[in-house]
Enquirer: 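Here it is, the structure in full.
One-based numbering along the sequence shown. Treat the numbers as computed from the prediction; the structure is a model and nothing was measured.
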Amino acid sequence: MKKLNGIKLDHRKNTESCATVDMPLPEKLLIPMSMSMGAPCQPLVKVGDEVKVGQKIGDTDAAFSSPVHSGVSGKVTAITDYRTAMGSVCKALEITPDGQQTISEEVVPPVVTDKESFIKAVRASGACGLGGAGFPTHIKLNPKTPIDTLIINAAECEPYITADYREMLEAPDDIIGGINLVKSQIGIKFAKLAIEANKPEAIRNFTEMAANDDTIDIVTLPSSYPQGAEKVIIYNTTGRIVKEGELPSDEGVIVLNVSTCAFICRYIKTGMPLTQRRLTVDGNAVAEPKNVRAVIGTPFRAVLEFCKTDLDSVKKLIAGGPMMGMSVPDVDMPVVKTSNALLAVKNFDERKTSACIRCGRCVRVCPLGLMPAEIDKAYKIRSVEELKALKVTLCMNCGSCTYVCPANRKLAETNQLAKMLIPRK
């Protein structure tokens, strides 16, 4: 089967052999009440309250949301307004750990007897897409259409990031357990664990583990970017096309990040909600690149200092990968549910933009066959009809067009702005 277009990147998986290291608790944590797609939570505690590990500290009645839990035992010392990386404002709890790490009485394995109780348990866990998108997992696992295929996204195609790869090496039983759990509770016949070819040890291990299970297929994907994008991985593993305006479930597919899948398995066994994240710390300002496990709410500063980062030399700090990550304006922003990497670099120069030379490279590399240069023109004149005709809403902002542009035009950025002109249904 022909694969969708993409680009070849220097993957720079410098930390792929670095086993996950647990970080010490920071002096203070800042836990935002919005860390996933959907409605922000409201604090369930007040200043002066004592909290415990795994205790629910934020929730909302909104269906499209995920509750928030404390990863430490300690005292709530402040409730502040917090501006997220996306620009929205929500409440955030400042918690001072007591160092005891006392487990909350709320932490008990959920009773799962059917699909409804399973979905309820997944929501209670606080699970969301851990690959960076942050889509509430309980919503994804409860579609209105029949599902026949579960795809586990283990591509991790961004340069530098190896957090999911370490999950595959360090917790393979949880991944297989999560796959089987989701299949059985949601009623899905087949699963495809999709891994890029540059992870041969993971491919070998899972091929052996699934050798006697004809419902789990280990799919090896070419090492290209953006192999892990949802629409791309669906087509490259099943041949199905998610059309404009559709969800993957409309094509009979659910896609889960590999770390999300493993977390669901652990939660059902232990009852411990999502309170920690594994993230890759790398970049030329980092003296000791590592994969670390940090409590959600830990300041980026503490993570970087743990990895011996020269903070004074950092010119650019990126949360996520270099292609789709976001520039961090404040080193004291916290680790959140969707954190999977921190890249600290000390030699960042903004490239000068020049006029489009009509070379067509952006068109050739776009996985979805879009025309970024034409979208750029339509955006400049604010032509909503032209943007609709050019299918700008299909853009997943992978950044491939910007990466290959010899004129250094910010095409992916323009695409994102252009999508905002299209009225939402």
Enquirer: Do Met396 and Glu230 come within less than 4.5 Å of each other through their side chains, counting heavy atoms only?
Expert: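 Side-chain contact under 4.5 Å: no.
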Enquirer: If you measure from the Lys or Arg side-chain nitrogens to the Asp or Glu carboxylate oxygens, is any gap between Glu251 and Arg240 under 4.0 Å?
Expert: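 The answer is no: the pair does not qualify as a salt bridge.
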Enquirer: Is there a donor-acceptor pair closer than 3.5 Å between any side-chain N or O of Arg166 and the backbone N or O of Glu16?
Expert: yes
Enquirer: Step by step, would you call Asn291 with Glu170 a side chain to side chain contact (heavy atoms under 4.5 Å, CB included)?
Expert: CA-CA 12 Å; Asn291 284 297; Glu170 296 172 20; 6.0 Å; no
Enquirer: Could you tell me if the side chain of Pro372 sits less than 4.5 Å from the side chain of Val363, heavy atoms only?
Expert: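 With C-beta onward as the side chain, the pair touches.
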Enquirer: For Gly71, is there any backbone N or O sitting under 3.5 Å from a side-chain donor or acceptor partner on Gln276?
Expert: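 Such a contact is absent between Gln276 side chain and Gly71 backbone.
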Enquirer: Are any of the side-chain nitrogens in Asp49 or Lys75 under 4.0 Å away from the carboxylate oxygens of its partner?
Expert: no
Enquirer: I'd like to know if the side chain of His138 and the backbone of Ala63 have a donor-acceptor N/O pair within less than 3.5 Å.
Expert: yes
Enquirer: Counting C-beta onward and ignoring hydrogens, is there a side-chain heavy-atom pair between Ile139 and Phe64 closer than 4.5 Å?
Expert: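 Answer yes - side chains close enough.
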Enquirer: For Glu156, is there an ion pair with Lys199 - N to carboxylate O distance below 4.0 angstrom?
Expert: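 Salt bridge flag = no for Glu156 with Lys199.
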Enquirer: Which atom pair, heavy atoms only, marks the closest approach of Pro248 to Ile234?
Expert: CB-CD1, 3.6 Å
Enquirer: Just by modelled atom types, is the Asn198 backbone N or O under 3.5 Å from a matching donor or acceptor in the Ser223 side chain?
Expert: yes
Enquirer: What I'd like to find out is whether the side chain of Val122 reaches to under 4.5 Å of the side chain of Tyr267, using heavy atoms alone.
Expert: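 Counting from C-beta outward, Val122 and Tyr267 never come under 4.5 Å.
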Enquirer: For a 4.5 angstrom cut-off between non-hydrogen side-chain atoms, does Phe300 reach Val335?
Expert: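 In short, these two side chains touch, coming nearer than 4.5 Å.
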Enquirer: Can you see whether Phe306 has Lys290 sitting over its ring - NZ or CZ less than 6.0 Å from the centre and within 45° of the normal?
Expert: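 Cation-pi check for Lys290 and Phe306: passes.
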Enquirer: Report the distance from atom CG of Leu343 to atom CZ of Arg12, rounding to the nearest 0.5 Å.
Expert: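 Output value for this atom pair is 10.5 Å.
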Enquirer: What do the steps show when you test Lys140 against Leu247 for side chain to side chain contact (heavy atoms under 4.5 Å, CB included), and what is the final call?
Expert: CA-CA 10 Å; Lys140 183 175 284 191; Leu247 294 172; over 6 Å; no
Enquirer: Does a donor on one side chain sit under 3.5 Å from an acceptor on the other, for Glu94 and Thr80?
Expert: no
Enquirer: Would you indicate whether the side-chain heavy atoms of Ile147 and Ser249 approach each other to under 4.5 Å?
Expert: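 Counting from C-beta outward, Ser249 and Ile147 do come under 4.5 Å.
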Enquirer: Just by distance, no angles: are the side chains of Thr96 and Lys28 close enough, under 3.5 Å, to form a donor-acceptor pair?
Expert: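 On atom types as modelled, these side chains qualify, holding a pair under 3.5 Å.
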Enquirer: Would Lys56 and Glu106 pass as an ion pair if we require N to O under 4.0 Å?
Expert: no
Enquirer: Between the side chains of Asp310 and Lys346, is the shortest nitrogen-to-carboxylate-oxygen separation below 4.0 Å, so that they form an ion pair?
Expert: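 Not counted as a salt bridge, because no side-chain N and carboxylate O are separated by less than 4.0 Å.
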Enquirer: When rounded to the nearest 0.5 angstrom, what distance separates OG1 in Thr137 from CD1 in Ile119?
Expert: 9.5 Å
Enquirer: Can you give me the closest heavy-atom contact between Asn340 and Gly131, atom names plus distance?
Expert: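 Scanning both residues completely, I find the closest heavy atoms to be ND2-O, 3.5 Å.
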Enquirer: What closest approach, in Å, do Ala194 and Thr237 show between heavy atoms, and which atom pair accounts for it?
Expert: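 Minimum heavy-atom contact is CB-CG2, 3.8 Å.
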Enquirer: Would a 4.5 Å heavy-atom cut-off, applied to side chains only, mark Val365 and Arg361 as touching?
Expert: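 Side chain of Val365 against side chain of Arg361, heavy atoms only: no contact under 4.5 Å found.
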Enquirer: Say whether, by atom type as modelled, one donor and one acceptor occur between the side chain of Asn397 and the main chain of Asn415 under 3.5 angstrom.
Expert: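 No, Asn397 side chain to Asn415 backbone: no donor-acceptor pair under 3.5 Å.
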Enquirer: Which heavy atom in Gln227 sits nearest to a heavy atom in Ser224, and how many Å separate them?
Expert: CB-O, 3.0 Å
Enquirer: Are there over 12 heavy-atom neighbours, none belonging to Lys419, within less than 6.0 Å of that residue's NZ?
Expert: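 Buried by this count: over 12 neighbours within 6.0 Å.
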Enquirer: Quick one, Gln101 with Leu25, criterion side chain to side chain contact (heavy atoms under 4.5 Å, CB included). Give me CA distance, side-chain angles, the key distance, then yes/no.
Expert: CA-CA 10 Å; Gln101 288 302 84; Leu25 296 179; 3.5 Å; yes
Enquirer: When Glu374 is tested against each of Arg358, Lys391, Lys380 for salt bridge (charged side-chain N to carboxylate O under 4.0 Å, His left out), which residue passes?
Expert: Arg358
Enquirer: Can you measure from CD (Glu50) to CD1 (Ile95) and round to the nearest 0.5 angstrom?
Expert: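 So the gap between those two atoms works out to 10.5 Å.
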Enquirer: Is it true that Glu167 and Arg266 make a salt bridge, defined as a side-chain N closer than 4.0 Å to a carboxylate O?
Expert: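 Arg266 and Glu167: salt-bridged.
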Enquirer: How many angstroms lie between atom CD1 of Ile268 and atom CZ of Phe263, to the nearest 0.5 angstrom?
Expert: 9.0 Å
Enquirer: Would you say Ser339 and Arg277 are linked by a side-chain donor-acceptor pair, where the criterion is simply a distance under 3.5 Å?
Expert: no
Enquirer: Less than 3.5 Å apart, any donor N or O on the side chain of Asp164 or Asn257 sitting next to an acceptor on the other?
Expert: yes
Enquirer: What's the shortest heavy-atom distance between Val303 and Thr298, and which atoms?
Expert: CG2-CG2, 3.9 Å
Enquirer: Could you check Ser66 against Lys337 for side chain to side chain contact (heavy atoms under 4.5 Å, CB included), going step by step and ending with a plain yes or no?
Expert: CA-CA 10 Å; Ser66 298; Lys337 291 182 182 182; 3.7 Å; yes
Enquirer: For the backbone of Gln100 and the side chain of Asp98, can you confirm whether one donor and one acceptor N or O come within less than 3.5 Å of each other?
Expert: yes
Enquirer: For the residue pair Lys183 / Thr215, report whether a side-chain donor-acceptor contact shorter than 3.5 Å exists.
Expert: yes
Enquirer: Are the side chain of Asp213 and the backbone N or O of Ala210 linked by a donor-acceptor pair below 3.5 Å?
Expert: no
Enquirer: Taking the side chain from Thr149 and the backbone from Val253, do they hold a donor-acceptor pair closer than 3.5 Å?
Expert: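 No, the answer is negative, given that no donor and acceptor are paired below the 3.5 Å cut-off.
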Enquirer: Judged by atom type as modelled, is there a donor-acceptor pair below 3.5 Å linking the side chain of Ser65 to the main-chain atoms of Ala39?
Expert: yes
Enquirer: I'd like to know if the side chain of Thr402 reaches the main chain of Leu411, judged simply by a donor and an acceptor atom lying under 3.5 Å from each other, with no hydrogens or angles considered.
Expert: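 Answer holds: yes.
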Enquirer: To the nearest 0.5 Å, what is the distance between CD1 (Ile296) and CG (Leu274)?
Expert: 4.0 Å
Enquirer: Going from OH on Tyr225 to CD on Glu196, what distance comes out if it is rounded to the nearest 0.5 angstrom?
Expert: 11.0 Å
Enquirer: Provide the closest heavy-atom pair for Asn153 versus Gly228 in the form atom of the first, atom of the second, distance.
Expert: ND2-O, 2.6 Å
Enquirer: Do Asn205 and Met168 have side-chain heavy atoms sitting under 4.5 Å apart?
Expert: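 In short, these two side chains do not touch, never coming nearer than 4.5 Å.
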Enquirer: If you count every heavy atom of other residues, nucleotides or ligands that lies below 6.0 Å from Lys315 atom NZ, does the total exceed 12?
Expert: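 Atom NZ in Lys315 is not crowded, with 12 or fewer foreign heavy atoms closer than 6.0 Å.
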